[in-house]
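Below is one structure, written out as structure tokens; the observations come after it.
The sequence lines fix the lettering, A, B, ..., with proteins before strands; numbering per chain opens at 1.
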Protein chains: 2
Amino acid sequence: MSEMTNSYDINEFKNPIFTVDSVLFTVKDDALKVLMVKRANEPFIGNWGLPGGFVDVDSDTTTDGTALRKLEEKTSVAPQYLEQLQVFSGNARDPRGFSVTLVYFALIPAQEVSSHIDTVDDVQWIDIKNINSLSIAFDHKVIIDQAKERLQQKALYSMVPVYCLPEYFTVGQLKSVIETIIGKTIQRKSLIRRIESTDMFETIDEKVKSGGRLAQQYKVKAGVDIVNFERNLSS
Amino acid sequence: MSEMTNSYDINEFKNPIFTVDSVLFTVKDDALKVLMVKRANEPFIGNWGLPGGFVDVDSDTTTDGTALRKLEEKTSVAPQYLEQLQVFSGNARDPRGFSVTLVYFALIPAQEVSSHIDTVDDVQWIDIKNINSLSIAFDHKVIIDQAKERLQQKALYSMVPVYCLPEYFTVGQLKSVIETIIGKTIQRKSLIRRIESTDMFETIDEKVKSGGRLAQQYKVKAGVDIVNFERNLSS
DNA sequence: AGTTATTTGTGTCATAAAGACACTAAGTTG
DNA sequence: CAACTTAGTGTCTTTATGACACAAATAACT
């Protein structure tokens with residue numbers, strides 16, 4: 001059973017190295033991008049790695065707090081969406097010994113961070129398609145791949161992709177974001193049916209230009225949870 | 001970025017307490033049950049807790065290994081199915097300080113362990129319906145609830161419940177297991193359609209008694225992965 | 001041996017949500 | 001004002017599941 005010692009002694013067990021990392025996605029210029037940080041220290045100095053770090057047991061109340069704190073250090077804002085992806089562990093993934101990394105999966109609208117990112121040169125949005133041609137630290141390439149698959153799955157049965165969009169958005173924008181995430185086109189009609197069948201969104205009175213007919217704007221209702229549909233989009 | 005120190009020093013950071021626990025389910029006597037262990041030590045001595053413990057960085061190669069090792073200590077066999085559920089963390093869930101628990105979610109056929117469990121009195125299958133009337137350690141009650149919900153969801157869009165059944169099983173048995181997991185009845189016909197549409201199972205020549213007409217037996221094909229369906233059962 | 005109850009398995013129509021796609025609406029550009 | 005573009009609707013098709021009657025095979029009982 002867990003935590004079974006009478007008095008916990010930090011030296012009684014060789015503790016694994018425990019860190020929290022995040023895969024923060026956005027959609028920008030019709031491409032799916034991940035926030036990566038250029039490593040300033042060993043190991044893997046100079047390589048790109050995921051934003052993250054150690055838990056601060058004095059200031060963090062949970063590991064969610066750790067993930068948020070580390071992301072805010074790099075982007076200056078909190079992501080719109082944050083959930084646990086998975087733990088990656090092993091005695092071979094870090095040269096310093098057995099390590100455990102709790103990885104979060106997060107989404108944010110591109111324009112909420114772009115201005116801040118342009119001012120530093122060790123933080124960057126990397127196009128998911130270019131990941132394989134870069135030097136990536138640890139097993140972060142595998143981690144990003146897992147996160148991408150999760151995101152693609154979620155895009156088929158939920159509305160998570162809205163968290164890559166600004167407060168007000170149109171059906172066309174949402175359709176485009178979903179399509180760049182899953183790499184396929186979807187039916188506009190199907191998307192509209194879903195928007196209307198959930199109770200997640202409210203319509204905005206004022207419409208917006210889009211190159212043709214004015215488009216209806218939507219926003220996510222305050223305090224609503226993400227809705228899961230009973231079946232996947234497929235087209 | 002993660003793991004950023006030049007030379008890792010165990011004392012440089014106050015490390016959280018890290019443990020691995022498992023929620024091992026089975027279906028027995030038409031009820032969903034969880035394997036619980038009576039705690040022999042503080043904190044929560046005498047309460048029921050989930051099987052688990054610390055990583056042994058010398059013998060475990062990953063946290064999956066930790067989960068399996070701890071489960072085998074209690075059941076003497078490996079579960080049929082094992083996947084990560086979620087990390088539970090915080091500075092309030094363990095009286096000894098900030099703690100992180102990686103929880104696995106596992107399935108096993110009841111008869112594979114029952115004989116072993118009957119010989120000890122600190123390990124027991126607890127009916128999920130009785131959890132609330134027992135003294136449960138830490139936040140394990142919440143954890144079990146999350147695991148139950150995940151299992152119920154998975155039962156709607158995958159065949160995971162087969163891992164609660166012996167090698168050879170019938171449609172009737174699988175239907176019954178699914179129904180006790182999700183707490184609703186399902187259509188036999190829908191289940192058969194799913195069994196036949198995936199390539200997960202093979203039929204066994206010899207049929208088996210069941211109180212009426214002899215029933216076709218199935219088994220999971222060797223080396224196949226779990227299949228996910230595009231939509232949920234609902235009825 | 002025959003009747004009844006029980007469980008297994010099939011046939012088939014209804015339902016619900018998505019796909020396909022034409023068509024209309026309302027803007028912009030030249 | 002014609003041509004183009006994007007937004008939104010109407011509606012028929014497709015697909016997997018739900019519902020449920022019915023047939024098949026076996027046990028139990030008289």
**Item:** Phosphate contact (dG19(C) OP1 or OP2) by Ser234(A) side-chain N/O below 4.0 Å
**Value:**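 So the side chain of Ser234(A) is within the cut-off, an N or O lying under 4.0 Å from OP1 or OP2 of dG19(C).
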**Message:** Less than 4.0 angstrom between a side-chain N/O of Ser190(A) and OP1 or OP2 of dG19(C), yes or no?
**Reply:**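 Looking at the OP1 and OP2 atoms of dG19(C), one of them is under 4.0 Å from a side-chain N or O of Ser190(A).
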[X] [atom1] to [N] [atom2], straight-line distance once rounded to whole Å:
X	N	atom1	atom2	result
Ile192(B)	dG18(D)	CD1	P	13 Å
Lys207(B)	dG9(C)	NZ	C1'	9 Å
Arg193(A)	dG8(D)	CZ	P	15 Å
Leu191(A)	dA20(C)	CG	C1'	16 Å
Phe229(B)	dT15(D)	CZ	P	17 Å
Arg231(A)	dT15(C)	CZ	P	16 Å
Lys184(B)	dA19(D)	NZ	C1'	16 Å
Leu233(A)	dA20(C)	CG	P	11 Å

**Prompt:** Got a sec? Which of residues 196-203 of chain B come in under 4.0 Å of DNA chain C, heavy atoms?
**Reply:** none
**Prompt:** Got a sec? Which of residues 150-167 of chain A come in under 4.0 Å of DNA chain D, heavy atoms?
**Reply:**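 Heavy-atom cutoff 4.0 Å gives no residues at all.
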If we count only N and O atoms by modelled type, under 3.5 Å, do the side chains of [X] and [Y] hold a donor and an acceptor together?
X	Y	value
Thr63(B)	Tyr104(B)	yes
Thr66(A)	Asp60(A)	yes
Ser89(A)	Thr62(B)	no

**Request:** Could you check Glu230(A) against Val171(B) and say which one's nearest nucleotide on DNA chain C is further toward the 5' end?
**Result:** Val171(B)
**Request:** Decide side chain to side chain contact (heavy atoms under 4.5 Å, CB included) for Leu156(B) and Arg231(B); before the verdict, give the C-alpha distance in whole Å, the side-chain angles of both, and the deciding distance to 0.1 Å.
**Result:** CA-CA 8 Å; Leu156(B) 295 178; Arg231(B) 53 201 285 195; over 6 Å; no
**Contact pattern, 5' to 3', of nucleotides 22-30 of chain D - B, S or - by protein heavy atom under 4.0 Å** = --BBBS---
**Prompt:** Can Lys70(A) and Glu73(A) be counted as an ion pair, charged N to O under 4.0 angstrom?
**Reply:** yes
**Message:** Assess whether a salt bridge exists between Glu167(A) and Lys219(A), defined as any Lys/Arg side-chain N lying under 4.0 Å from an Asp/Glu carboxylate O.
**Reply:** yes
**Request:** Pick base, sugar-phosphate or nothing for Gln216(A), based on heavy-atom distances below 4.0 Å to the nucleic acid.
**Result:** sugar-phosphate
**Request:** Tell me what Arg194(A) touches on the nucleic acid: a base, only sugar-phosphate, or nothing, going by heavy atoms under 4.0 Å.
**Result:**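 If one applies the 4.0 Å heavy-atom cut-off, Arg194(A) turns out to touch the sugar-phosphate alone, with no base involved.
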**Message:** Given 3.5 Å as the limit, does a donor-acceptor pair link the side chain of Glu179(A) with the main chain of Ile186(A), or not?
**Reply:**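 Checking the backbone N and O of Ile186(A) against the side chain of Glu179(A), a donor-acceptor pair under 3.5 Å is found.
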**Request:** For the pair Tyr163(A) and Tyr81(A), name the ring-plane relationship: parallel under 30°, tilted 30 to 60°, perpendicular over 60°.
**Result:** parallel
**Request:** Report the nucleotide, chosen from dA16(C), dT6(D), dA19(D), that has the shortest atom-to-atom distance to any side-chain atom of Ser210(A).
**Result:** dT6(D)
**Asked** What's the closest nucleotide to the Gln187(B) side chain, out of dT9(D), dT17(D), dG18(D)?
**Response**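 So the nucleotide nearest the side chain must be dG18(D).
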**Asked** Under the 3.5 Å rule, do the base of dG18(D) and the side chain of Arg188(B) count as making a donor-acceptor pair?
**Response** no
**Asked** Do Lys189(B) and dG11(C) have a side chain to base donor-acceptor pair shorter than 3.5 Å?
**Response** yes
**Nearest heavy atoms of Leu214(B) and Lys207(B), plus distance in Å** = CB-CB, 3.9 Å
**Request:** Can you measure from CZ (Phe18(A)) to CZ (Phe18(B)) and round to the nearest 0.5 angstrom?
**Result:** 6.0 Å
**Prompt:** Looking at Ile181(A), Val27(A), Asp30(A), which hits side chain to side chain contact (heavy atoms under 4.5 Å, CB included) with Ser176(A)?
**Reply:**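 By the side chain to side chain contact (heavy atoms under 4.5 Å, CB included) criterion, Ser176(A) pairs with just one of Ile181(A), Val27(A), Asp30(A): Asp30(A).
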**Request:** Applying salt bridge (charged side-chain N to carboxylate O under 4.0 Å, His left out), run through Glu83(A) and Lys154(A) and close with a yes or a no.
**Result:** CA-CA 12 Å; Glu83(A) 73 163 40; Lys154(A) 288 228 162 199; 2.8 Å; yes
